[in-house]
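Everything numeric here is computed off the predicted structure, so don't read it as measured data.
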Amino acid sequence: MFDHIGLKVKNLDASMQFYQAALENLGYVLAAQGDGYAGFGPPEQPALWLYAAADAPAGSTHVAFGAADHKQVKGFHAAGLAAGGRDNGKPDLRTEYSPTYYGAFLIDPDGNNVEAVCYG
């Protein structure tokens with residue numbers, strides 16, 4: 001449904017470090033970068049855009065990234081924690097969403113709730 005999404009971030013370097021580490025396990029890379037912005041996604045197809053903004057609202061967004069399997073969800077969570085993210089839900093089956101919903105949640109450097117999820 002979506003082609004891309006943009007997030008305002010207070011500290012672009014910290015956010016880039018977090019997303020680069022967490023998204024690597026899902027197969028996403030830093031696909032574009034310039035003065036005050038960075039784009040992550042498949043090579044040459046950035047879909048998550050980060051924009052430096054001193055007035056970035058704290059914790060106002062939830063973004064869920066698709067994962068291929070439980071291993072990718074676990075890798076996303078572990079790498080995100082190591083890169084400065086805060087735990088907001090360890091990798092686990094979440095049957096309250098769907099019988100096969102397996103996800104993990106992190107809080108990014110700006111307080112946004114980010115997730116990796118797979119079905120199966």
Side-chain angles (χ1 to χ4, degrees):
M1 177 187 302
F2 298 101
D3 180 71
H4 63 275
I5 187 168
L7 297 177
K8 291 181 178 180
V9 299
K10 289 185 184 203
N11 183 328
L12 183 59
D13 290 335
S15 292
M16 285 176 57
Q17 180 181 342
F18 170 79
Y19 282 101
Q20 197 160 15
L23 296 179
E24 179 181 23
N25 289 285
L26 303 178
Y28 301 125
V29 298
L30 176 61
Q33 182 178 7
D35 188 28
Y37 70 88
F40 292 87
E44 299 182 29
Q45 296 178 4
L48 172 67
W49 291 94
L50 305 177
Y51 301 99
D55 64 345
S60 62
T61 304
H62 171 73
V63 178
F65 299 98
D69 54 31
H70 292 204
K71 182 179 177 182
Q72 282 191 343
V73 172
K74 290 175 184 175
F76 160 86
H77 190 261
L81 288 174
R86 295 188 326 262
D87 177 50
N88 198 31
K90 293 179 180 11
D92 203 356
L93 189 61
R94 302 182 190 290
T95 56
E96 66 271 24
Y97 301 140
S98 165
T100 60
Y101 194 109
Y102 188 87
F105 300 85
L106 294 167
I107 301 298
D108 78 0
D110 287 281
N112 295 304
N113 182 30
V114 295
E115 172 186 9
V117 60
C118 69
Y119 295 88

Co-membership, hydrophobic cluster, residues [X] and [Y], 4.5 Å side-chain:
| X | Y | value |
| --- | --- | --- |
| Leu7 | Leu26 | yes |
| Phe40 | Val117 | no |
| Phe18 | Ile5 | yes |

Can you name the nearest heavy-atom pair linking [X] to [Y], along with the distance?
| X | Y | value |
| --- | --- | --- |
| Leu12 | Gly36 | CD2-C, 3.6 Å |
| Phe76 | Ala22 | CD1-O, 3.5 Å |
| Pro42 | Ala31 | O-CB, 3.7 Å |
| Gly75 | Asn25 | O-ND2, 3.0 Å |
| Ala56 | Lys10 | O-CE, 3.0 Å |
| Gly6 | Tyr51 | CA-CE1, 3.9 Å |

Which distance, rounded to the nearest 0.5 Å, do you find between the [atom1] of [X] and the [atom2] of [Y]?
| X | Y | atom1 | atom2 | value |
| --- | --- | --- | --- | --- |
| Glu115 | Arg94 | CD | CZ | 7.5 Å |
| Lys8 | Asp55 | NZ | CG | 4.5 Å |
| Cys118 | Lys74 | SG | NZ | 9.5 Å |

Inset, instruction - With side-chain contact (heavy atoms from CB on, under 4.5 Å) as the test, would you mind laying out the steps for Phe65 and Leu48 before giving the verdict? - result: CA-CA 10 Å; Phe65 299 98; Leu48 172 67; 3.8 Å; yes
Inset, instruction - Would you check if the side chain of Asp110 reaches a backbone N or O of Asn112 as a donor-acceptor pair within less than 3.5 Å? - result: no
Legend entry - Check: His77 side chain, Gly103 main-chain N or O, donor-acceptor pair, under 3.5 Å: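 Flag not set: sc His77 to bb Gly103 has no pair under 3.5 Å.
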Inset, instruction - Classify the ring geometry between Tyr119 and Tyr101 as parallel (under 30°), tilted (30 to 60°) or perpendicular (over 60°). - result: perpendicular
Legend entry - Set of side chain to side chain contact (heavy atoms under 4.5 Å, CB included) partners for Ala32, sequence neighbours left out: Pro46, Trp49
Inset, instruction - Using side-chain hydrogen bond (donor to acceptor under 3.5 Å, both in side chains) as the criterion, point out the one residue from Asp92, Asn88, Asp87 that pairs with Lys90. - result: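 Answer to the side-chain hydrogen bond (donor to acceptor under 3.5 Å, both in side chains) test with Lys90 among Asp92, Asn88, Asp87: Asp87.
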Legend entry - Note, Tyr102 side chain near Gln72 side chain (heavy atom, < 4.5 Å): no
Legend entry - Non-hydrogen side-chain atoms of Asn113 and Ile107 separated by less than 4.5 Å: yes
Inset, instruction - May I ask you to check whether over 12 heavy atoms, not counting those of Glu44, lie within 6.0 Å of atom CD? - result: no
Legend entry - Test side chain to side chain contact (heavy atoms under 4.5 Å, CB included) applied to Tyr19 and Val63, Leu30, Val114, Val9, the passing residue: Val114
